[in-house]
> 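Below: one structure in structure tokens.
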Amino acid sequence: MKCPFCGHLDTSVVDSRETPDQRQVRRRRECKSCNERFTTYETVEEILPQVVKKDGRREPWDRHKLHIGLRRACEKRPVSEEQITRLITGVEERLFEKYPREVSSQEIGEAMIAELRNLDPIAYLRYASVYRQFDDPSQFAEEVNRLLGRK
């Protein structure tokens, strides 16, 4: 591993441990030339499924897009960044297990909505209104009634 301080190629691992989510290994390294310490993270390179859009186009899985959408839905709500990350990670794990090669954007949206409904009802309504493309206030009212358990 190349030292970020002096560029020397000989470093040693001083400490190694898993991150709390157990998806990465955190390593503290020390340069044998300048003795500076730095941290690296090791992850498994995953083969991510392709996302099949409504019009049939395929694009690579993009966790960042999910994060942006959720962050927007949760804006000014008591939902932490950690909760958003856990929600996305949980949805990813379930979808990747069920759909290892391709997953429809509809499956992704419905999975996100189902999890968000349990996390924060207002954020759920915001996300659902965009994802389901509400174009009439009555659609919003129907969703609120469903959320409240009314007919």
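The structure displayed is predicted, hence computed values, not measured ones.
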> Does C74 form a side-chain contact (heavy atoms from CB on, under 4.5 Å) with L116? I'd like the steps, not just the answer.
CA-CA 9 Å; C74 296; L116 197 51; 4.1 Å; yes
> Indicate, with yes or no, if L66 and V52 share a hydrophobic cluster defined by side-chain heavy-atom contacts under 4.5 Å among Ile, Leu, Val, Met, Phe, Trp and Tyr.
no
> State, with a plain yes or no, whether a side-chain heavy atom of D120 is found less than 4.5 Å away from one of P78.
yes
> Taking C-beta and beyond as the side chain, do T89 and D21 meet within less than 4.5 Å on heavy atoms?
no
> Applying side-chain hydrogen bond (donor to acceptor under 3.5 Å, both in side chains) as the test, list every pair that has at least one member in residues 29-38; sequence neighbours left out.
R29-T40
> Does P49 reach the side chain of P100, with side-chain heavy atoms less than 4.5 Å apart?
no
> Got a sec, which pairs hit salt bridge (charged side-chain N to carboxylate O under 4.0 Å, His left out) with one end in residues 98-108, sequence neighbours left out?
R58-E102
> What's the separation between atom CD1 in I88 and atom CG in L70, rounded to the nearest 0.5 Å?
5.0 Å
> Measure the shortest side-chain to side-chain distance between Q24 and E18 over non-hydrogen atoms and say whether it is less than 4.5 angstrom.
no
> Do any pairs count as a ring pair (Phe, Tyr, Trp, His ring centres under 6.0 Å) and have a residue in residues 51-92, sequence neighbours left out, and if so which ones?
W61-F96
> Quick one: ring pair (Phe, Tyr, Trp, His ring centres under 6.0 Å) pairs with a partner in residues 100-132, sequence neighbours left out?
none
> Do K65 and E59 make a side-chain contact, defined as non-hydrogen atoms from C-beta onward lying under 4.5 Å apart?
yes
> Pairs in or reaching into residues 127-141: which pass salt bridge (charged side-chain N to carboxylate O under 4.0 Å, His left out), with residues at least two apart or in two chains?
E110-R132, R132-E143
> Shortest non-hydrogen contact from C34 to C31?
N-SG, 3.4 Å
> Name all pairs fulfilling the ring pair (Phe, Tyr, Trp, His ring centres under 6.0 Å) condition that reach into residues 1-25, sequence neighbours left out, sorted by first residue then second.
none
> Is L119 reachable from V130 through a run of I, L, V, M, F, W or Y residues, each pair having side-chain heavy atoms under 4.5 Å apart?
no
> State plainly whether one hydrophobic cluster holds both F140 and L148, where clusters connect Ile, Leu, Val, Met, Phe, Trp and Tyr through side-chain heavy atoms under 4.5 angstrom apart.
yes
> Just to verify, what does R27 make a salt bridge (charged side-chain N to carboxylate O under 4.0 Å, His left out) with, not counting sequence neighbours?
E42
> Just verifying a value: how many Å separate N118 CG and I113 CD1, rounded to the nearest 0.5 Å?
12.5 Å
> Hey, is E81 close enough to R71 for a salt bridge, meaning N to O under 4.0 Å?
yes
> In Å and rounded to the nearest 0.5 Å, what is the CG to CD distance from L147 to E142?
13.5 Å
> Less than 4.5 Å apart, side chain to side chain, heavy atoms only: is that true for I84 and V79?
yes
> What residues, two or more places apart in sequence or in another chain, satisfy ring pair (Phe, Tyr, Trp, His ring centres under 6.0 Å) together with F38?
none
> Residues in side-chain hydrogen bond (donor to acceptor under 3.5 Å, both in side chains) with D62, at least two apart?
none
> So, the side chain of R23 versus the backbone of T19: is there a donor-acceptor pair under 3.5 Å, distance only?
no
> Report yes or no: do S16 and R28 form a side-chain donor-acceptor pair below 3.5 Å?
no
> For K2, which residues count as a salt bridge (charged side-chain N to carboxylate O under 4.0 Å, His left out) partner, sequence neighbours excluded?
none
> Are L87 and I68 in one and the same hydrophobic cluster, where Ile, Leu, Val, Met, Phe, Trp and Tyr link if side-chain heavy atoms are under 4.5 Å apart?
no
> Under the 3.5 angstrom rule, does the side chain of R126 hit a backbone N or O of E75 as a donor-acceptor pair?
yes
> Measuring from S104:OG to Q50:CD, what's the distance to the nearest 0.5 Å?
13.5 Å
> Let me check something: do M112 and I122 share a hydrophobic cluster, defined by ILVMFWY side-chain heavy atoms less than 4.5 Å apart, either directly or through other members?
no
> Does this structure show an ion pair linking D55 with K53, if we count only N-O contacts that are shorter than 4.0 Å?
no
> Does some side-chain heavy atom of R26 sit less than 4.5 Å from a side-chain heavy atom of D15?
yes
> Apply side chain to side chain contact (heavy atoms under 4.5 Å, CB included) to R86 and list each qualifying residue two or more places apart in sequence or on a separate chain.
E82, Q83
> Other hydrophobic cluster members with V44, side-chain heavy atoms of Ile/Leu/Val/Met/Phe/Trp/Tyr under 4.5 Å, chained?
none
